[in-house]
Amino acid sequence: MVHTNTASECPKEMIALKMAQTEKLLPGNQNSVSMDSSSVDMKQLSTHAGSKGRTQHRQTSKPSKRENICSIGSSSSDAPTAVKKRVVPTFHRKASGLKEKTKNKPEKLSQMSIEQVMGTTHRVSGALVQAAKTVTSMSPSELAKLQEIISESSEMLMMLTYTDGSTQLREPNEPRKRASASLHEEGVANSVLVAIQRKAAKKEYMFVSFPLAGLGKENASEATRNVLLEILQSSTRKVCFDAQELMHAIIINYSLDPQSGCNKWVIMDPKIACWLLDPDNPPVTFSGMLKTFVTGKYNDQAPNNHLTHLELLGLVMGDLTNKLQRKNLWELFINLEVPLIPILAGMEVQGIQVNQKMLISYSNILKDEIKDVEKQCYKEAGHPFQITSHIQLRQVLFVELKLDEQCPGQKLARTNVQNLKSTSETVLHKLIDLHPLPELVLTHRQLVKLKSTYLDGLSDYVSGGYIHTSWDQTSAASGRLQSSNPNIQNIPKQPLQLHKDANGSVVNETTASSTTPATTLWMREPFYSHDGWSFFAADFQSIELRILAHLSQDAVLLKVFNDAGSTDIFVQLTCEWLGLNLDDVKTADRERTKRIVYSVIYGVGAERLAETLNDTKENAKAFTKSFLVKFKGVNTFAQRCISECQRHGHVKTIFHRHRLISNISSQNFHVRSHAERQAVNFVIQGSAADICKLAMIHIMKVLSEKNTVRARLLVQIHDELLFEVHDEDINEVKGILKTVMESTPTLGESICQLKVPLPVSLSYGKTWGHLKQMV
DNA sequence: CTAGCGTCA
DNA sequence: TACTTGACGCTAG
């Protein structure tokens, strides 16, 4: 506990707390405990700011107890939750310093604010001893007093500390050696520190600590947990830099249900606020974020301790709050992004069950296939070479076999930077009739990609039968969520068909006759639900196209989407273009149509469109023209976005999410065109992201209120939510998901009343490999 | 065309 | 040896 004035002003209870022994709280971090041993100034805090190349990963704990963690609704559950390998964004490789300099930085804090910061911290540091009181060592009466203080508090500033002495607000002094070497030693969440600002005296703090690391059953007493929950559930304004990480650590260490109670936790996160203000340059670390606010102001002699950092956190959040309000982003922040934080933390802890044996057996199948293809490649090339090496492949294809000289009239693509002859998929496709090698290489690539990324790569992340992916809220400029370690949003949907031809060698689908025996592998097959539960997917149908219809008010698009009972637009267009019957449209064809439509909308060039259409450049041009004539509103909408961007320097989504696009007025045609496409795309993709997030929040709210329904959210793939639902509750959940998600546009008050319906399609099954469509 | 992440050389 | 970069390919729209 710390108070900023004289001891005489303190209530008796607080004095008692102050006297308590606290050394064990901050192991290996004496500097931050008291002033006399701390000569570290703010400069040090800031040196970590844009330090790049910090690729180390940090884990929150921990082995031990995993029962009870994931019970949903009812108390019983058959789903264990595995240990979470959480890669914390704070230490991520994204080099903030590199990225930041290309864009405008937010305005500096006013001079006033800086004086306030420095003045305040100095005064705080002048207090006798600054150390937090450990909650587990408090007596019942002290706890009661603490609860009273919480209920009367005006603000609570929170952060995680780690066992190496670093915190969420101060990165470690020594760069870590290696992530794998330090996995169990360093970077484990150690405690939650909370500075509770008392209403009575503005600059008086109750400074308490909740242990996390090595939390035994006896320490995690009911009382301690309840106080922490009281803090999290209180209506007092709370602030934390990277609140998702904080919640994640709390859910795990206190064995909380990851998806019901915590959905109500509200913590302001300056990291997210900064990202909303400039989504292309999200802050990575707290000190990095400070740099964008108060550049060059760290020369002052300022103390470097936990409470100082927390005070700074509060001040920065206050400043960001004003900025968000001025930019009309506060509603987005408080109604969309902040409520999403506990949902993401819950998804991380929840994890998804994976059959590792299946991953390994698939991998072995592919290993043999790859060997076969390799042998054939060597035969066709006349000698062995490294097929995965573009340099060696270039040598074989263009120097030894001279295939490029055999395709007259065709301009073969070059690589972007070095302008070398490309060995990309489209180029190899053009060479397919000239020689057997290109197709073999394509097959080889496909197999190697699937094996290394989606089988072996995923297998590395399986822990206790689960994969716990990281969800990142602030890394996509469009407002979309991002998953990583592993990325669970790009696991192939289409199955891989393996055939054996007459020679017994492997070929892929395109060349094999349909009568040859086939092995079919779905990369999503190894993801499976628990006994008695099923996966349940709900996705918005063609959401971006519908948003385009709404925003552009294109008459044809509006009609297509408002005609009751009309079939899927991509199926319709596929029929139209290929002259098929509705029932004859294959999913792969529909997928192709979808790609083409979005490409054209977002301004694909004739050359590249010709490649996807497998047609001439002229025909591609004609196609684009006829498409844009059919949907006249698309072009006028695009021009509107571009001129809005030129006027304001940014574009906005329907929920006011904005993106600064400075190149919109570039003199360089190429650069400017790129910026124009970004502007148009952001408005639509960002608006879709807004609606998907709103749907996610709404559905989780409804599900947690209906505590009889057993359903948990596992994955979000942009327009799709993947749940795991108890078999007995499937019908009920089906109804809830459909009505709640489809009513999403009515929630955003009047701002997202769409001129088109937003239908949701549902599917379910025991594995993610092939889900059955529901009527 | 846009938005991402992971793998390999 | 460790780390970065470019090329490629998978997802979503």
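Every value quoted in this text rests on a predicted model; they were computed, and no experiment measured them. Labels below follow one simple rule: chain letters A, B, ... track the order of the sequence lines, proteins then strands, and each chain is numbered from 1.
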If a pair satisfies side chain to side chain donor-acceptor pair (under 3.5 Å) and one of its residues is in residues 622-643 of chain A, list it, with sequence neighbours excluded.
A:Glu576-A:Lys630

With B for base contact, S for sugar-phosphate-only contact and - for none (protein heavy atoms under 4.0 Å), nucleotides 8-13 of chain C reads SBBSBB

How would you list, by chain and number, every residue that makes a side chain to side chain contact (heavy atoms under 4.5 Å, CB included) with A:Glu644, sequence neighbours excluded?
A:Arg647, A:His648, A:Val651, A:Lys652

Phosphate OP1/OP2 of B:dT7 contacted by A:Ser452 side-chain N/O (<4.0 Å):
no

Which residues share a side chain to side chain contact (heavy atoms under 4.5 Å, CB included) with A:His670, sequence neighbours left out:
A:Asn668

Touch check for A:Gly605, heavy atoms < 4.0 angstrom, all strands: base, sugar-phosphate only, or nothing?
sugar-phosphate

Evaluate the side-chain hydrogen bond (donor to acceptor under 3.5 Å, both in side chains) criterion for residues A:Asp690 and A:Thr653: first the C-alpha distance (whole Å), next the side-chain angles of each, then the deciding distance (0.1 Å), finally the verdict.
CA-CA 8 Å; A:Asp690 294 345; A:Thr653 68; 2.6 Å; yes

Please state how far atom CG in A:Asn487 lies from atom C1' in B:dA3, giving the value in whole angstrom units.
12 Å

Rounded interatomic separation in angstrom, taking CG from A:Asn419 and C1' from C:dA7:
14 Å

Residue list, salt bridge (charged side-chain N to carboxylate O under 4.0 Å, His left out) with A:Asp456, at least two apart or on another chain:
A:Lys451

Does A:Arg414 have any side chain to side chain contact (heavy atoms under 4.5 Å, CB included) partners at least two apart in sequence or in another chain, and if so, which?
A:Asn419, A:Lys421

Roughly, in whole Å, what's the span from CG in A:Leu420 to P in C:dT5?
18 Å

Whole angstroms only, please: what is the CD-C1' distance between A:Gln392 and B:dC8?
13 Å

So, OP1 or OP2 of B:dT2: does either fall under 4.0 Å of a side-chain N or O from A:Ser478?
no

Touch check for A:Ala477, heavy atoms < 4.0 angstrom, all strands: base, sugar-phosphate only, or nothing?
sugar-phosphate

Length of the line joining A:Tyr461:OH and B:dC5:P, which is rounded to integer Å:
12 Å

